[in-house]
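Presented below is the structure to which this report refers.
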Amino acid sequence: MGAVTEHEVRTRVWRNGTVEAENFPFEQISDYLEDPDCLVWVDVCAPDRARLNALAGELSLDPHAVEDSVERRERPKVSRYATHLFLSAYQITFDRDAGRLTSRQVAAFVMKRGLVTVRQSDDFDMDHVVAVWDENADLVKFGTKALVHGLLDVLVDGHFTAVEALDDEIEKIEDILFDETRTSVRQVQMRSFALRKSLVEARRVILPMREVVNTVMRHADDLHPELEPYYEDLYDHVLRAAEWTESLRDMISSIFETNLSLADSRLNSIMKKLTSWAAIIAVPTAITGFYGQNVPYPGFGAHWGFWVSSIVIIVIGGGLYAVFRRKDWI
């Protein structure tokens, strides 16, 4: 199947679990939905208002749900209406080269014998979802909840992939965290901040999925017993992804705190070195200043006075250097 273009409606119908027709005319959707042996899927990509209103009128979709389906940045959720469930969720991907997380919204209307998916752009690859349905063709005969499971399964797998990529990036930061070079310190600061932003976005998408899957299971009056293990496994994956994001949040917070502690430690080390060398330099300054007085003093005008002052400078300076070196200040 080719890629979906903007404003195109993609359709498919199964009869008793077997694909009967694809990309049939929009006007035939209602006829198939009335047939108890048929299961219908309709996909709308980047719909305009006229197209979406026509679809809503054809399928008796709730106007509020229709508005939510095209609302930007809608929170992942499931809402129950008289004739259908409305589901909103996100696919996320992490670009390792750019260090940026990208999210793509997909909405779904879940009816008794039909599923309508609405995408805001063709960046969300629906072919992957269709491939999952085809790989599990034996489940399609159990109704729309099988299609919903395939859709959610693809989304949750994408969440795992994105979180795994974030985990790898955080491990890379940990590897350079204790590097003493100035470049690495700046890298840690910049990359940690970028990853923190990506992690916040991922958590905003992933954490509500627990309630999404739980609500679909709880309100699925027509959920076939054969599908229950699949949904339980899906819910377990959602919990694991959510827990993973929690651990990553702790890790990135720990990196921030450790980086600040290391910066303070480096500053203390620098201050110790400056203080030590200042003390050592102060010795010859004080002695030569003393002997620079314009009044007679022991050794004044004699060669042995020069040698005594030089020896005192060397001995005291060397002693201070040894003491500071032993304390690891220099």
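The shown structure was predicted, so the numbers you read here are calculated from the model rather than taken from an experiment.
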Hey, does [Y] have a side-chain heavy atom less than 4.5 Å from the side chain of [X]?
| X | Y | value |
| --- | --- | --- |
| Leu139 | Leu227 | yes |
| Phe160 | His237 | yes |
| Thr117 | Val44 | no |
| Val205 | His159 | yes |
| Thr102 | Asp95 | no |
| Pro47 | Val118 | yes |
| Thr144 | Leu39 | yes |

Group every Ile, Leu, Val, Met, Phe, Trp and Tyr by side-chain heavy-atom contacts under 4.5 Å, then state whether [X] and [Y] land in the same group.
| X | Y | answer |
| --- | --- | --- |
| Trp244 | Ile92 | yes |
| Leu207 | Leu239 | no |
| Val19 | Val140 | yes |
| Val200 | Leu166 | no |

Between [atom1] on residue [X] and [atom2] on residue [Y], distance to nearest 0.5 Å:
| X | Y | atom1 | atom2 | answer |
| --- | --- | --- | --- | --- |
| Cys45 | Asp122 | SG | CG | 5.0 Å |
| Leu33 | Cys38 | CG | SG | 9.0 Å |
| Arg196 | Ile170 | CZ | CD1 | 11.0 Å |
| Ser103 | Asp123 | OG | CG | 10.5 Å |
| Asp168 | Phe94 | CG | CZ | 9.5 Å |

- line: Residues passing the ring-ring contact (aromatic ring centres under 6.0 Å, His included) test with Phe24, sequence neighbours excluded, are Tyr32
field: Contacts of His149 that satisfy ring-ring contact (aromatic ring centres under 6.0 Å, His included) - sequence neighbours left out
entry: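 Counting only residues at least two positions away or on another chain, His149 forms a ring-ring contact (aromatic ring centres under 6.0 Å, His included) with Tyr230, Tyr231.
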query: Salt bridge between Asp43 and Arg12, side-chain N to carboxylate O under 4.0 Å?
result: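 Answer for the salt bridge query: no.
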query: Are Arg10 and Asp127 ion-paired here, with the side-chain N under 4.0 Å from a carboxylate O?
result: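 Salt bridge: yes.
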Any pair counted as salt bridge (Lys or Arg N to Asp or Glu O under 4.0 Å), so long as it reaches residues 238-251, sequence neighbours left out: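 Those involving residues 238-251 are Arg203-Glu246, Glu246-Arg249.
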message: Between Glu74 and Gln105, does the side-chain contact (heavy atoms from CB on, under 4.5 Å) criterion hold? Intermediate values first, please.
response: CA-CA 8 Å; Glu74 184 70 22; Gln105 183 177 356; 3.3 Å; yes
Under the side-chain contact (heavy atoms from CB on, under 4.5 Å) test, which residues partner [X], sequence neighbours left out?
| X | value |
| --- | --- |
| Arg204 | Arg73, Tyr90, Glu201 |
| Lys172 | Glu169, Arg191 |
| Val78 | Leu85, Leu87, Val212, Thr215, Val216 |
| Pro25 | Glu27, Gln28 |

Who pairs with [X] by side-chain hydrogen bond (donor to acceptor under 3.5 Å, both in side chains), at least two apart in sequence or on another chain?
| X | result |
| --- | --- |
| Trp133 | none |
| Thr245 | none |
| Asp62 | His64 |
| Thr93 | Arg104 |

- prompt: Looking at Thr83 and Met111, what are the two nearest heavy atoms and their distance?
  reply: O-CG, 4.0 Å
ring-ring contact (aromatic ring centres under 6.0 Å, His included) contacts in which one or both residues fall within residues 98-130, not counting sequence neighbours: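 Qualifying pairs: His84-Phe109, Phe86-Phe109.
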Trace of the side-chain contact (heavy atoms from CB on, under 4.5 Å) decision for Asp68 with Ser88: CA-CA 8 Å; Asp68 287 345; Ser88 176; over 6 Å; no
- prompt: Counting N and O atoms only, with roles assigned by atom type, does the side chain of Asp167 sit under 3.5 Å from a partner on the main chain of Val163, one being a donor and the other an acceptor?
  reply: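 Answer holds: no.
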- prompt: Is there a donor-acceptor pair closer than 3.5 Å between any side-chain N or O of Ser198 and the backbone N or O of Leu195?
  reply: no
message: Tell me whether the count of non-hydrogen atoms from other residues, nucleotides or ligands lying under 6.0 Å of CZ in Arg96 goes above 12.
response: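 Atom CZ in Arg96 is crowded, with more than 12 foreign heavy atoms closer than 6.0 Å.
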message: Quick check on Phe193: does its CZ atom have over 12 non-hydrogen neighbours (other residues, nucleotides or ligands) under 6.0 Å away?
response: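 Not buried by this count: 12 neighbours or fewer within 6.0 Å.
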- request: Start with the C-alpha gap between Arg15 and Asp35, add the side-chain angles, then the distance that decides, and say whether salt bridge (Lys or Arg N to Asp or Glu O under 4.0 Å) holds.
  value: CA-CA 9 Å; Arg15 184 179 296 276; Asp35 190 332; 2.8 Å; yes
- prompt: Leu234 and side chain to side chain contact (heavy atoms under 4.5 Å, CB included): which partner among Val156, Leu155, Asp157?
  reply: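 When side chain to side chain contact (heavy atoms under 4.5 Å, CB included) is applied between Leu234 and each of Val156, Leu155, Asp157, only Val156 qualifies.
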query: Would Val106 and Gln91 count as a side-chain contact (heavy atoms from CB on, under 4.5 Å) if you check the C-alpha gap in whole Å, the side-chain angles of each, and the deciding distance to 0.1 Å?
result: CA-CA 8 Å; Val106 59; Gln91 178 191 61; over 6 Å; no
message: Under a plain distance cut-off of 3.5 Å, with no hydrogens placed, do Thr11 and Trp41 share a side-chain donor-acceptor pair?
response: no
